[in-house]
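Reading through the structure tokens given below for one structure.
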There are 2 protein chains.
Amino acid sequence: MIQLNDKKYTCPIDFSLSFIDGKWKILILSHLHYCSNRSYSDFCNNLPGVSEKMLSQQLKELERDKLIIKTILSKKPYRVEYALTEFGKTLTPLYQFLSDWGIQYLKQNGIDYIKDQHLYK
Amino acid sequence: MIQLNDKKYTCPIDFSLSFIDGKWKILILSHLHYCSNRSYSDFCNNLPGVSEKMLSQQLKELERDKLIIKTILSKKPYRVEYALTEFGKTLTPLYQFLSDWGIQYLKQNGIDYIKDQHLYK
DNA sequence: TGAGTGACCTACTTTTTGGTAAGTTATTTT
DNA sequence: AAAATAACTTACCAAAAAGTAGGTCACTCA
């Protein structure tokens with residue numbers, strides 16, 4: 001049993017998971033991995049199905065955990081930008097693996113995501 | 001939007017996640033990765049905090065998704081054994097990455113899991 | 001013979017999660 | 001001047017997930 005900041009983890013994997021479980025988290029992170037800088041509404045428009053409630057909740061937690069950083073571009077008309085931190089980038093192999101793994105499975109089931117990517121919005 | 005077996009996925013990552021999200025799934029899989037063959041009670045004893053209800057539920061889903069396979073060792077005194085399938089083994093980079101990533105983070109926070117592993121049950 | 005073990009299942013309840021829809025502030029566009 | 005956009009927040013509620021505690025069947029061990 002590993003203990004850190006009042007929380008307990010059964011093993012390192014359990015610990016790692018604590019950063020990334022939560023609906024939308026990996027999707028948000030990988031989105032940033034592929035697009036680097038995104039606004040709040042970029043997420044709204046590109047993650048089909050997220051409610052704003054969930055989105056801001058997850059963004060807040062990711063920020064708290066230092067995986068992403070929010071930059072305030074302007075205050076008067078409030079504009080922001082989200083990006084992966086260096087720490088968030090250390091999860092790159094994860095984004096890549098999950099993507100590759102999924103693509104390969106799909107291919108074996110007759111869906112060529114790479115080839116048909118233009119079909120997907 | 002990707003469609004497969006009546007379900008929709010926003011991207012390959014979303015699709016991959018559908019196999020592994022669910023409390024305990026990654027933990028069960030990685031457990032099998034490190035120990036190869038495990039009985040039902042092995043899981044009970046080595047995943048601190050799982051309820052039997054959750055355990056059998058997750059095992060069932062993992063089996064359905066062909067990530068693990070259950071072998072019935074004997075019927076009369078009912079004994080079984082769980083193991084990763086070849087397909088389940090294709091997730092090996094995931095188990096490894098999540099483990100390494102966690103260990104490294106912990107180390108940077110003053111917890112040397114490798115060195116202190118004997119302390120953890 | 002009675003207790004314990006292994007591999008579960010089931011009903012019931014509680015907790016957590018997530019959806020819905022509306023509201024806020026300040027600006028830009030029409 | 002009205003509508004739309006950006007970036008959120010909030011309250012309320014339904015649904016889903018997970019905990020609890022019990023039960024089953026068939027051994028095996030003391």
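- A salt bridge links A:Glu61 with A:Lys25: the closest approach of a Lys/Arg side-chain nitrogen to an acidic carboxylate oxygen falls below 4.0 angstrom.
- For B:Asp42 and C:dG6, the CG to C1' distance is 11 Å, given to the nearest whole Å.
- Atom CG of B:Asp21 and atom P of D:dA17 are 10 Å apart (whole Å).
- Which of C:dA7, D:dG19, D:dC8 sits closest to the side chain of B:Arg79 comes down to C:dA7.
- The nearest whole Å value for the distance from the CG atom in B:Leu59 to the P atom in C:dC8 is 8 Å.
- Residue contacts for B:Lys70: at a heavy-atom cut-off of 4.0 Å it reaches the sugar-phosphate backbone alone, with no base atom in range.
- Following rounding to the nearest Å, A:Tyr40 (OH) and C:dT25 (P) show an atom-to-atom distance of 17 Å.
- Enclosure of atom CD1 in A:Ile69 is not indicated, since only 12 or fewer non-hydrogen atoms of other residues, nucleotides or ligands lie within 6.0 angstrom.
- The phosphate of D:dA6 has neither OP1 nor OP2 within less than 4.0 Å of any side-chain N or O from A:Lys76.
- Residue B:Ile68 contributes atom CD1, which lies 13 Å from atom P of C:dA7 at whole-angstrom precision.
- Taking atom CD1 of residue A:Ile72 and atom P of nucleotide D:dA6, one finds them 18 Å apart after rounding to whole Å.
- The listed nucleotides are C:dT27, D:dC8, D:dT9; the one nearest the side chain of A:Lys60 is D:dT9.
- One donor-acceptor pair, N or O on each side, does fall under 3.5 Å between the base of D:dA18 and the side chain of B:Lys53.
- For an aromatic pair to be called close, the ring centres must be under 6.0 Å apart, and B:Phe87 with A:Trp101 satisfies this.
- Between B:Trp24 atom CH2 and D:dG19 atom P the separation is 7 Å, expressed in whole Å.
- Comparing D:dA18, C:dA7, D:dC8 by their closest approach to the side chain of A:Glu52 singles out D:dC8.
- Comparing atom distances between the A:Tyr78 side chain and each of D:dC8, C:dC8, C:dG19 picks out D:dC8 as nearest.
- Comparing D:dA6, C:dC9, D:dG19 against the side chain of B:Lys23 picks out D:dG19 as the nearest.
- Residue A:Ser56 is in base contact, counting any heavy-atom pair closer than 4.0 Å across all strands shown.
- For A:Lys60 and A:Glu63, the salt-bridge test fails: no basic side-chain N is under 4.0 Å from an acidic carboxylate O.
- Between B:Phe43 atom CZ and C:dT5 atom C1' the separation is 18 Å, expressed in whole Å.
- In this structure, A:Phe19 has its ring center under 6.0 Å from that of B:Tyr105.
- Dashed line: the shortest gap from a side-chain N or O of A:Ser39 to OP1 or OP2 of D:dA7 is under 4.0 Å.
- If B:Glu81 and A:Ser51 are placed on DNA chain C by their nearest nucleotide, the residue sitting closer to the 5' end is B:Glu81.
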